[in-house]
Amino acid sequence: MHFQWYPGHMTKAKRQMQEDIKLIDLVIELADARIPVSSRNPDIDELGKQKARLILMNKADLASQEQTAAWMSYFREKGFFVVKLDARTKTGMKNIQEAILEACREKIERDRRRGIRNRPVRAMVVGIPNVGKSTFINTYAGRACAKTGNKPGVTKGKQWIRLNKNVELLDTPGILWPKFEDQRVGLYLALIGSIKDEILNIDELSLELIRILQEKYPNVLKERYQAEESQAPAEILGDIARSRNCVKKGNELDYSKAAALLIDEFRSGRLGKITLEFPEEQS
Ligand code: G4P
């Protein structure tokens, strides 16, 4: 799902989020493990400041395992609970369940002291478009779980999904807006495919990706496309075109085709597990 954001959309999304957050104990925020900072919107820190916080580093199957581990420490140091995830599979369920209970431990103990038992933790899922919110809700709560229905006076018509005896999830995820003002953020979101390709210059994007790969992932371009990595990015793109036989009429190299191919192989994980943003580069 791709979005074009205008100030009106953001105000509406923010207002909805403010309302929904009042109903919950825990914010489950999805970030993209390949760009854990650029795929977040720090406004959620303000909106959810009274709530327990869990960050799910989603699409971890596409990210460098080493960098994902480093990012998890980074967020933990900032006070978040963190779990890495491939939302398409159920394998992370146990970790998430444990993290939810841990993150809400204070609330659960407070309830217990007051004699309240079996009141489930209420959570909502938030994140920027395409980060995997619906996939997560489907995998973890979907089909198998019955909706608990409206709770008049308390939830004002909101639907809750019972994850298990301890956790209820608001059935509609909160959509956060990306922070497009920062050019790097726009670039990274474009690279992972979160911005409409029609409004992007794929050739430029591929050159940026080549620059990052040259610096951070030496030998990836050499091994996959027999590219000579010490060259300028445009020449490397030429090597990619040659290695994949991207040619136009008259045997001219088709740089645009090579660019699209490179981006596609990156997004699908065929280039390997690649993280674009690094914790040590955050100020
Ligand atoms: P959203 O609700 O936050 O907007 O995201 P959604 O669940 O629709 O997921 C967006 C795309 O990301 C989907 O691909 C989904 O399968 C994929 N996805 C979600 N979680 C993961 C994950 O952990 N790993 C990987 N590799 N992919 C994940 P799609 O339906 O094919 O859409 P698209 O690829 O055509 O955009």
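Side chains of Trp71 and Glu277 form a contact here, defined as non-hydrogen atoms less than 4.5 Å apart. Taking 4.5 Å as the limit, some side-chain heavy atom of Lys179 sits within range of a side-chain heavy atom of Pro42. Between Pro129 and Ile175, some side-chain heavy-atom pair lies under the 4.5 Å cut-off. Residues Thr89 and Asp61 are not in side-chain contact: their nearest non-hydrogen atoms beyond the backbone lie 4.5 Å or more apart. Taking the side chain as every heavy atom from C-beta outward, Ile202 and Ser256 never approach each other to under 4.5 Å. Within the 4.5 Å cutoff, the side chain of Phe80 has no heavy atoms near those of the Val27 side chain. With a 4.5 Å cut-off on side-chain heavy atoms, Phe81 and Ile100 do not count as touching. Here the side chains of Thr135 and Tyr140 are not in contact, with every heavy-atom distance at 4.5 Å or above.
Each of Lys51, Lys49, Arg53 was compared with Ile44 under the side chain to side chain contact (heavy atoms under 4.5 Å, CB included) criterion, and only Arg53 meets it. Screening Asp264, Leu213, Ile263 for a side chain to side chain contact (heavy atoms under 4.5 Å, CB included) involving Leu271 leaves a single residue, Leu213. Applying the salt bridge (charged side-chain N to carboxylate O under 4.0 Å, His left out) test between Asp25 and each of Arg105, Arg122, Arg119 identifies Arg119 as the sole match.
Here the straight-line distance linking atom CG of Leu261 with atom CG of Asn245 works out to 11.0 Å at 0.5 Å rounding. In this structure, Gln231 CD and Glu229 CD are separated by 10.0 Å, a value rounded to the nearest 0.5 Å. Note that OG1 of Thr139 and NZ of Lys90 are 7.0 Å apart. Values are rounded to the nearest 0.5 Å. Between Arg110 atom CZ and Cys104 atom SG the span is 9.5 Å, to the nearest 0.5 Å. Rounding to the nearest 0.5 angstrom, the gap separating the OG atom in Ser38 from the CD1 atom in Ile192 is 8.5 Å. In this structure, Ile24 CD1 and Asp20 CG are separated by 8.0 Å, a value rounded to the nearest 0.5 Å.
A donor-acceptor pair is defined here as one N or O able to donate and one able to accept, closer than 3.5 Å; no such pair exists between the side chain of Ser194 and the backbone of Ala190. Side chain of Arg117 to main chain of Arg112: no donor-acceptor pair is present (N/O by atom type, distance under 3.5 Å, no hydrogens or angles). In this structure a side-chain-to-backbone donor-acceptor pair under 3.5 Å is missing from Glu168 to Ala123.
In terms of heavy-atom proximity, Ala227 sits nearest to Ile236 at CB-CG2, 3.9 Å. The shortest non-hydrogen separation linking Pro36 to Ala31 is O-CB, 4.0 Å. Of all the heavy atoms in Gly174 and Lys133, the pair that sits closest is O-CD, 3.6 Å. When all heavy atoms are compared, the tightest approach of Ala60 to Ala33 is CA-CB, 3.8 Å. Nearest heavy atom pair, residue Asn58 against residue Val131, reads ND2-O, 2.8 Å. Closest heavy-atom contact between Gln97 and Asn166: NE2-ND2, 3.4 Å.
One hydrophobic cluster holds both Leu189 and Ile274 under the rule that ILVMFWY side chains link at heavy-atom gaps under 4.5 Å. In this structure, Tyr188 is not a member of the same hydrophobic cluster as Tyr74, with clusters built from ILVMFWY side-chain heavy atoms closer than 4.5 Å. Residues Leu176 and Ile28 share a hydrophobic cluster, clusters being chains of Ile/Leu/Val/Met/Phe/Trp/Tyr side chains in contact below 4.5 Å. Leu163 and Ile161 fall within the same hydrophobic cluster, defined by Ile, Leu, Val, Met, Phe, Trp and Tyr side-chain heavy atoms under 4.5 Å apart, directly or through other members. Hydrophobic clustering (ILVMFWY, side-chain heavy atoms < 4.5 Å, transitive): Ile128 and Leu30 are in one cluster.
Tyr217 and Phe278 have tilted rings, their planes meeting at an angle from 30° to 60° on a 0 to 90° scale.
Using a 4.0 Å cut-off between charged nitrogen and carboxylate oxygen, Asp45 and Arg40 count as a salt-bridge pair. Salt bridge annotation for Asp32-Arg34: present, with a cationic side-chain nitrogen under 4.0 angstrom from a carboxylate oxygen. A salt bridge between Lys14 and Glu46 is absent, with no side-chain N of the basic residue lying under 4.0 Å from a carboxylate O of the acidic one. Note on Glu215 versus Arg211: no salt bridge recorded, every NZ/NE/NH1/NH2 to OD/OE distance being 4.0 Å or above. Salt bridge annotation for Lys59-Asp86: absent, with no cationic side-chain nitrogen under 4.0 angstrom from a carboxylate oxygen.
For the pair Lys257 and Tyr255, the NZ or CZ position fails the cation-pi test of under 6.0 Å to the six-membered ring centre and within 45 degrees of the ring normal.
Environment of CG in Asn118: sparse, with no more than 12 heavy atoms of neighbouring residues, nucleotides or ligands closer than 6.0 Å. Environment of NZ in Lys12: sparse, with no more than 12 heavy atoms of neighbouring residues, nucleotides or ligands closer than 6.0 Å. Within a 6.0 Å radius of CD in Gln226, other residues, nucleotides and ligands contribute more than 12 heavy atoms. Around atom NZ of Lys222, no more than 12 heavy atoms belonging to other residues, nucleotides or ligands sit under 6.0 Å away. Around the CD atom of Glu109, the shell of radius 6.0 Å holds more than 12 heavy atoms that belong to other residues, nucleotides or ligands. Summarising the local packing, CD of Glu106 is surrounded by 12 or fewer heavy atoms from other residues, nucleotides or ligands at distances under 6.0 Å. For Gln183, the CD atom is loosely surrounded, since the number of other residues' heavy atoms within 6.0 Å does not exceed 12. When the shell of 6.0 Å around CZ of Arg270 is examined, it contains more than 12 heavy atoms from other residues, nucleotides or ligands.
No donor-acceptor contact under 3.5 angstrom links the side chains of Thr172 and Gln159, judged on distance only. Looking only at atom types and distance, the side chain of Ser230 has a donor-acceptor partner in the side chain of Glu228 under 3.5 Å away.
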Q: Go through the steps for Leu170 and Val125 under the test side-chain contact (heavy atoms from CB on, under 4.5 Å), then give the verdict.
A: CA-CA 7 Å; Leu170 200 56; Val125 174; over 6 Å; no

Q) Checking side-chain contact (heavy atoms from CB on, under 4.5 Å) for the pair Val83/Met57: CA distance, chi angles, key distance, verdict? A) CA-CA 6 Å; Val83 174; Met57 308 259 301; over 6 Å; no

Q: List the steps, then state whether side-chain contact (heavy atoms from CB on, under 4.5 Å) holds for Trp160 with Asp171.
A: CA-CA 5 Å; Trp160 295 89; Asp171 81 334; over 6 Å; no

**Q.** side-chain contact (heavy atoms from CB on, under 4.5 Å) evaluation trace for Ser206 with Leu237
**A.** CA-CA 8 Å; Ser206 75; Leu237 191 58; 3.7 Å; yes

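Applying the salt bridge (charged side-chain N to carboxylate O under 4.0 Å, His left out) definition to pairs two or more places apart or across chains, those involving residues 239-249 are Asp239-Arg242, Arg244-Glu265.
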